[in-house]
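Take a look at the structure below.
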Amino acid sequence: MCVEESVTTEFWNDLVPKIRAAAADQAERRQQFLADLIRIRSYTGQEKQAVLRTMEELLAVGCDEVWMDSAGNALGRIGSGAHVILYDAHLDTNEVADESEWRHDPLEPVVENGAMWGLGASDCKGGVAAIVYAAAIVKALRLEADFTLLVMGATLEEDAEGFALRSLVERDGVNLEVVLLAEATDLSLRRGHRGRCELRVRTTGRAAHASQPELGESALLKMLPVIHAVESMNPELPNDPIFGRDTQVVTLIQGPHTPNSVPSWCEVAVDRRMAPGQSTDDVLDGIRKVVSPLGATVRIPDQPVTSHTGSRLDGPGFFPGWLLDPAHPLVEAGKTTGSALWGRPPEVGVWRFSTDGTYSAGSAGIPTLGFGPQEEKFVHTPDDQVDLTKLEKAAAFYALFPLVYSGQT
Ligand SMILES: [Zn+2]
């Protein structure tokens with residue numbers, strides 16, 4: 001049953017202007033909150049102050065329950081209906097590489113040409129402000145229906161996407177029906193992305209004093225053809241009709257920290273990006289076939305991750321890709337919500353980068369969709385900013401969406 005059949009046209013005609021008006025009325029508070037978040041430095045694993053600030057706002061907008069979960073995510077709940085919908089936007093930001101490249105102080109929000117500038121505005125604090133203020137609209141207009149809306153200011157996304165969300169689901173036992181990711185989409189819908197995998201390829205040799213190298217065997221020299229072989233695999237990697245060909249690149253090289261010895265071991269990191277559907281074994285087997293004959297081994301290392309609460313969330317450096325069926329009710333609900341607000345459905349595409357969806361959709365099989373006000377071109381750049389009109393539109397979208405989704409399923 002589609003939404004148009006489940007509720008009357010008058011209902012929508014009446015409701016949509018009210019949601020738009022509420023989103024406009026709340027502009028100042030929403031932007032103040034975003035500015036506060038930008039002022040708080042919140043690198044991965046150091047999100048505590050941003051989490052506390054988000055919890056304060058979730059309480060202020062009237063959530064029925066507000067808490068910090070075991071991974072240190074900020075959560076707010078509205079309602080207790082059957083359809084459990086999670087809105088996920090992360091609070092941690094990429095680190096500033098060179099502050100001299102920034103026109104403004106990255107931690108001092110500035111409004112210019114209708115956009116708010118500052119570190120994390122586009123990734124993903126604009127998304128956090130929009131989903132928190134969607135909760136404000138749901139509460140102000142009493143839009144509760146047969147859904148439970150969970151609004152999450154997430155942690156650990158930049159370094160270990162999906163790990164904090166995994167903790168919410170698997171450790172804290174929160175069951176989710178669907179997930180909406182408030183990452184950068186420029187108000188369009190995203191139904192998937194490639195996965196990524198971090199691998200380590202290792203060669204071993206025999207140590208000897210550098211003054212008599214003929215007694216040793218250099219692991220570094222053994223690595224040279226291995227690096228070449230790994231990079232040469234690119235044109236033959238799996239090719240996907242939507243995501244294109246997988247890629248892999250050698251990104252790091254390490255050995256013993258002894259400049260006066262023949263290196264007894266050498267290890268390189270390989271960053272692999274792959275289309276959905278590939279397992280750890282698929283990736284490992286492919287590389288092993290190439291590097292084994294050259295005397296090297298390959299493995300997927302565990303990534304050490306500690307949350308700001310001190311929880312250890314270590315896990316393998318494997319982040320599967322995912323792709324949601326374009327006919328899935330979640331995509332339909334996204335299109336219907338956009339149509340109701342703007343007269344036409346948002347475009348549907350896929351992301352280039354990885355998100356918390358690697359856990360929700362890639363590992364746990366929870367239907368997941370992306371929608372956000374931020375623009376991908378500003379993500380991780382010194383021009384970090386979010387358009388304030390788009391922020392308002394997104395808040396209206398997130399406010400209407402649960403009603404549409406729960407009404408049609
Ligand atoms: Zn992000």
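In each ligand, atom 1 is the first atom listed, and ligand 1 is the first ligand listed. Not measured: the values here are computed from a predicted model.
At a threshold of 4.0 Å, the pair Asp14-Lys18 counts as salt-bridged, since one of the basic side-chain nitrogens sits closer than that to a carboxylate oxygen. Residues Glu161 and Arg196 are paired through a salt bridge, judged by an N-O separation under 4.0 Å between the basic side chain and the carboxylate. Under the 4.0 Å criterion applied to side-chain N and carboxylate O atoms, Arg273 and Asp246 are not assigned as salt-bridge partners.
Here the options are Asp92, Thr93, Asp88, the test is side chain to side chain donor-acceptor pair (under 3.5 Å), and the partner is His90; only Asp92 passes. Under the side chain to side chain contact (heavy atoms under 4.5 Å, CB included) test applied with Thr155, the options Asn73, Thr44, Leu313 reduce to a single match, Asn73.
Residues in residues 94-118 take part in these ring pair (Phe, Tyr, Trp, His ring centres under 6.0 Å) pairs, two or more places apart or across chains: His104-Trp117.
For the Zn ion (ligand 1), the tally of protein N/O/S atoms lying closer than 2.8 Å stands at 4.
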